[in-house]
Structure formats: C-alpha cells, structure tokens
Amino acid sequence: MKKVISFSLMLMVGLVLSQMLPAQLGDSYAELKHQIEMMLGICLAFIMINVGREFEIDKSNVKVYVKDYLVAMLAAALPWLFIAIYYILVLMPMEWWSSGEVWKETLLLSRFAAPTSAGILFSMLAAMNLQKSWIYQKAQTLAIFDDLDTIILMVPLQVAMIGELNWQMVAMLIVIFGLFFVGWRYMSRFKMRQTWYAIFTYAVLVYGGTLLIYTLTKHFFGAKGAIHIEVLLPAFIFGMVIKNRHVGGKQEERITTAISLVFMLLVGMSMPLIDMSGGASADSSESIISTVPMMSGWEIALHVLIVTILSNLGKLAPMLFYHDHSLTERLALSVGMFTRGEVGAGVIFIALGYNIGGPILLISVLTLVLNLILTIGFVYVVKHLALKSERAK
C-alpha cells in the first residue's frame with residue numbers, strides 16, 4: 001500500500017512543482033523542462049520494457065487467448081469511450097461536438113483511463129496469497145492484454161494527430177508494423193541481462209534511438225517533416241523479445257519502484273501552468289480542447305469524481321464473461337482491474353507532447369491520483385470477494 005500512496009503523492013508533488021518552478025526559475029526553466037522530458041522518456045521506456053517482459057503467450061495455441069484478448073479489449077475500450085463521450089458532451093460547447101479535431105484530441109487524452117497497472121495488480125493479489133487462484137491467473141493475462149491494447153490503439157490515434165497522409169506518416173507506419181512483426185516473430189527469444197541496471201541501459205538506448213530518428217528527420221525535413229515515434233511501442237517490443245527471467249532481491253525491487261516514483265513525479269512536473277481564476281488556461285497550448293475555460297475547484301472535483309466512476313464502470317466488463325465461474329469471482333477480477341499506474345500516466349505524458357492542456361488535462365491527472373488512492377479500498381474489496389469465493393468452494 002505504501003507504493004500506491006507514494007505514486008499518488010509523487011504525482012501531486014510534481015503537479016505543485018509544475019506551477020511553482022516557472023516563476024522561480026524564470027528563463028532557465030525552459031532548459032529544466034527539456035531535461036524533464038528526456039528523463040520522462042527514459043523512465044517510460046524502462047517501465048514499458050518491464051511490461052513487455054511480462055508478455056508471454058503460447059504461440060502454438062493462440063486460440064485459447066482470443067476470448068481473453070477480446071475481454072481485455074472491451075475492458076480497455078469502455079472506460080476510454082465513456083470518458084471521451086463525457087468530456088465531449090459535458091465539458092465542451094455543442095458546436096464542437098461534430099469537430100474531428102476535438103474528437104482526436106479528446107480520444108487521445110481520455111486513453112489514460114484504459115490501462116490497468118499490472119505491477120500494482122499482481123503485487124496486491126500475491127500479497128493475499130492468491131497466486132494459484134483463477135482470479136490471479138486470469139488477471140495476469142487480462143492486465144497484460146489491457147496494456148497491449150492501449151499500445152495498439154495509440155497507433156491510429158497518433159496517426160490521426162499527425163494529420164494528412166505524407167511520406168513521413170507512411171515511414172512511421174512501416175516502422176510501427178515492423179516492430180509488431182519483430183515482437184511476434186522473436187517473442188521471448190533473446191537471453192539478455194535483466195538486472196535493473198541492464199534494463200535501464202536498454203531504456204536509454206531505446207529512447208536514444210527514437211530521439212535520433214526525430215532529430216535527424218527534423219534536421220533534414222524541418223519540424224513538420226520529422227518522424228516522431230513514441231517510446232511506448234519500441235520499449236514494449238524490446239521487452240517482448242527478451243526471454244523473461246525473474247531477477248529477485250529487495251534492492252532490485254526498491255530501485256525499480258524508485259524509477260516508477262520518479263516517473264510519476266516528472267509527469268506531474270510536466271503539467272503546463274494552470275490559471276484557476278476562472279479564465280482560460282494559462283498554458284501556451286495550440287490544441288482546441290486546451291481553450292476550454294478553467295473551472296472552479298468544486299467543479300474540477302465533481303468532474304474528477306464522475307470520470308473516476310465512469311472509468312471503473314468500464315472495467316466491469318469481465319463480469320459479462322467467464323460464466324463458468326461465480327459472480328463473486330468475476331466481480332473480484334473486475335475490481336482488481338480498477339488499478340491504474342505508470343502506463344496511464346505515460347499516456348498523459350504523450351498527450352502533453354501534442355500540446356494538449358487546459359482543465360480537461362487537469363481532470364485527467366487528478367482522476368489518476370484519485371484512482372491510485374482508492375486502490376487501497378479496491379484491495380480490500382478484492383480480498384473480501386476472493387476469500388468469500390474460496391469459502392464457497
């Protein structure tokens with residue numbers, strides 16, 4: 001539970017710093033922000049390599065995973081769509097409802113609600129000695145597929161954000177689908193060192209590779225012609241081709257957790273300036289939804305609560321399936337997937353890269369914080385339901 005609370009705290013501390021540091025540092029803040037973005041990219045790569053390492057399926061019997069993937073896809077899609085529709089219909093003027101640009105930006109930002117935090121979910125189920133239970137085994141599969149679905153659906157969203165079809169977009173799509181092919185073809189193939197230091201080194205190299213592609217294409221073709229491949233997918237594929245080997249030890253766990261905590265802090269520090277006076281957002285974003293006027297604190301709090309409820313209602317999708325198991329087990333599985341973590345924060349970081357800001361971004365960040373805090377309650381609910389189902393057998 002300390003880990004969950006720490007995630008929330010670091011995100012909030014980062015948010016506070018993002019509002020204080022620009023005034024304190026003045027012109028030197030621009031350099032700090034550049035360094036924050038680089039560290040964020042490396043930390044996100046580290047996290048996604050570890051997510052990719054956990055992705056293991058039996059390729060000789062793919063059919064057994066079809067149902068699980070469809071359930072995971074539904075559990076990822078429903079919170080995403082619920083929140084996107086809520087943002088559009090409730091927080092935006094009616095004349096924007098038919099705007100393609102507004103829908104693109106909203107769909108990208110609301111994607112934060114989709115991914116389940118596999119690390120938090122597995123840890124809390126293991127702490128309850130449920131490793132051999134159906135709930136644990138099924139949650140392990142669904143959480144990884146949940147993250148995979150988020151990565152896959154980020155591809156068309158990023159393509160949509162770029163705009164018109166050009167050779168750079170075609171090149172980016174070739175790279176993306178090439179990465180998927182490599183990941184599938186060489187899944188769990190390569191034996192590599194998997195200490196925290198080795199994985200951090202891989203993360204630096206993966207991030208450096210994406211940055212090099214962007215820098216070179218920007219140099220030769222200008223900012224509009226640059227090819228920008230988010231580190232989310234390459235890092236996941238890199239982890240996917242590594243033959244996973246658990247490297248235990250308290251030091252490994254502490255350092256891995258520390259990197260995740262730093263990542264949450266940096267996500268908060270990346271937030272643009274927010275004007276809470278009731279006027280327009282103070283950030284310099286060029287996105288349309290960033291021009292939504294800032295709301296009062298009470299309004300923000302209400303929307304955060306509603307968005308949290310909507311996102312978790314969508315995660316109840318597994319209850320509609322697996323009817324060979326009791327309703328109690330299915331509910332425990334669904335509540336277990338309420339957990340959010342680093343991947344959701346990573347989506348917010350990507351949205352910041354497209355200059356999406358304003359009150360809707362603030363609501364998304366605070367929703368992530370609230371969901372992390374509520375994870376403590378989710379744990380007790382899952383524990384109660386799991387024990388109840390075990391006693392009934």
Side-chain angles (χ1 to χ4, degrees), residues 47-81 111 113-126 130-156 176-190 232-246 314-327 329-341 343-344 347 382 386 389:
I47 291 164
M48 293 311 301
I49 288 174
N50 281 322
V51 173
R53 287 171 58 213
E54 296 288 342
F55 185 78
E56 296 179 359
I57 63 174
D58 181 6
K59 292 198 291 185
S60 64
N61 194 19
V62 178
K63 291 182 180 179
V64 301
Y65 299 102
V66 172
K67 180 178 179 179
D68 289 337
Y69 181 77
L70 292 176
V71 173
M73 183 173 65
L74 188 62
L78 288 179
W80 173 44
L81 294 177
R111 193 69 188 146
T116 296
S117 177
I120 295 174
L121 176 58
F122 300 162
S123 297
M124 76 180 195
L125 292 175
L130 293 174
Q131 294 95 323
K132 295 183 179 180
S133 69
W134 173 82
I135 296 172
Y136 181 88
Q137 295 169 1
K138 192 58 64 178
Q140 194 170 32
T141 303
L142 294 183
I144 296 298
F145 279 150
D146 202 3
D147 285 342
L148 176 62
D149 184 68
T150 294
I151 294 168
I152 291 173
L153 286 177
M154 285 296 291
V155 173
I176 288 171
F177 286 108
L179 286 170
F180 277 122
F181 172 79
V182 169
W184 178 257
R185 177 70 175 80
Y186 299 102
M187 185 191 307
S188 303
R189 178 71 61 87
F190 302 107
L232 203 71
L233 176 61
F236 178 84
I237 297 297
F238 191 96
M240 191 175 169
V241 301
I242 296 175
K243 187 174 180 59
N244 190 21
R245 176 173 60 87
H246 179 69
K315 286 296 181 183
L316 292 173
M319 288 186 63
L320 304 176
F321 303 87
Y322 308 119
H323 292 288
D324 51 333
H325 291 269
S326 69
L327 179 62
E329 288 179 296
R330 286 179 279 146
L331 180 57
L333 174 64
S334 299
V335 174
M337 294 187 70
F338 285 4
T339 60
R340 304 291 189 277
V343 179
V347 174
V382 173
S389 66

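In what follows, residues are counted from 1 in the order of the sequence shown.
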Taking C-beta and beyond as the side chain, do L331 and L316 meet within less than 4.5 Å on heavy atoms?
yes
Do M73 and D149 come within less than 4.5 Å of each other through their side chains, counting heavy atoms only?
yes
Is any side-chain heavy atom of I49 less than 4.5 Å from a side-chain heavy atom of F236?
no
Please report the interatomic distance NE2(H325) to NZ(K138), rounded to the nearest 0.5 Å.
7.0 Å
Partners of S326 by side chain to side chain donor-acceptor pair (under 3.5 Å), sequence neighbours excluded?
E329
Run R189 and V241 through side-chain contact (heavy atoms from CB on, under 4.5 Å) and show every step you take.
CA-CA 6 Å; R189 178 71 61 87; V241 301; 5.5 Å; no
Search all heavy atoms of A76 against all heavy atoms of P79 and return the closest pair with its distance.
O-CD, 3.6 Å
Taking only residues two or more places apart in sequence or in another chain, which ones pass side chain to side chain contact (heavy atoms under 4.5 Å, CB included) with P234?
L179, V206, T210, I229
How long is the gap from CZ on F338 to NZ on K315, to the nearest 0.5 Å?
9.5 Å
Residue pair D146 / Y69, side-chain donor-acceptor N/O under 3.5 Å:
no
Answer whether the closest heavy-atom distance between the side chains of S334 and M319 falls below 4.5 Å.
yes
Got P318 and L142 here, is their nearest side-chain heavy-atom distance under 4.5 Å?
yes
Sequence-distant partners of L81, side chain to side chain contact (heavy atoms under 4.5 Å, CB included), two or more places apart:
L107
Nearest heavy-atom approach of A317 to L78 is CB-CD1, 4.2 Å
Sequence neighbours excluded, which residues qualify as side chain to side chain contact (heavy atoms under 4.5 Å, CB included) partners of F321?
K67, V71, L74
Listed by chain and number, what are the side chain to side chain contact (heavy atoms under 4.5 Å, CB included) partners of F181, not counting sequence neighbours?
R185
For Y186, give me all partners under side chain to side chain donor-acceptor pair (under 3.5 Å), at least two apart in sequence or on another chain.
none
Between R330 and Y322 the two heavy atoms that sit nearest each other are CD-O, 3.3 Å
Min side-chain heavy-atom separation F190-I242 under 4.5 Å:
no
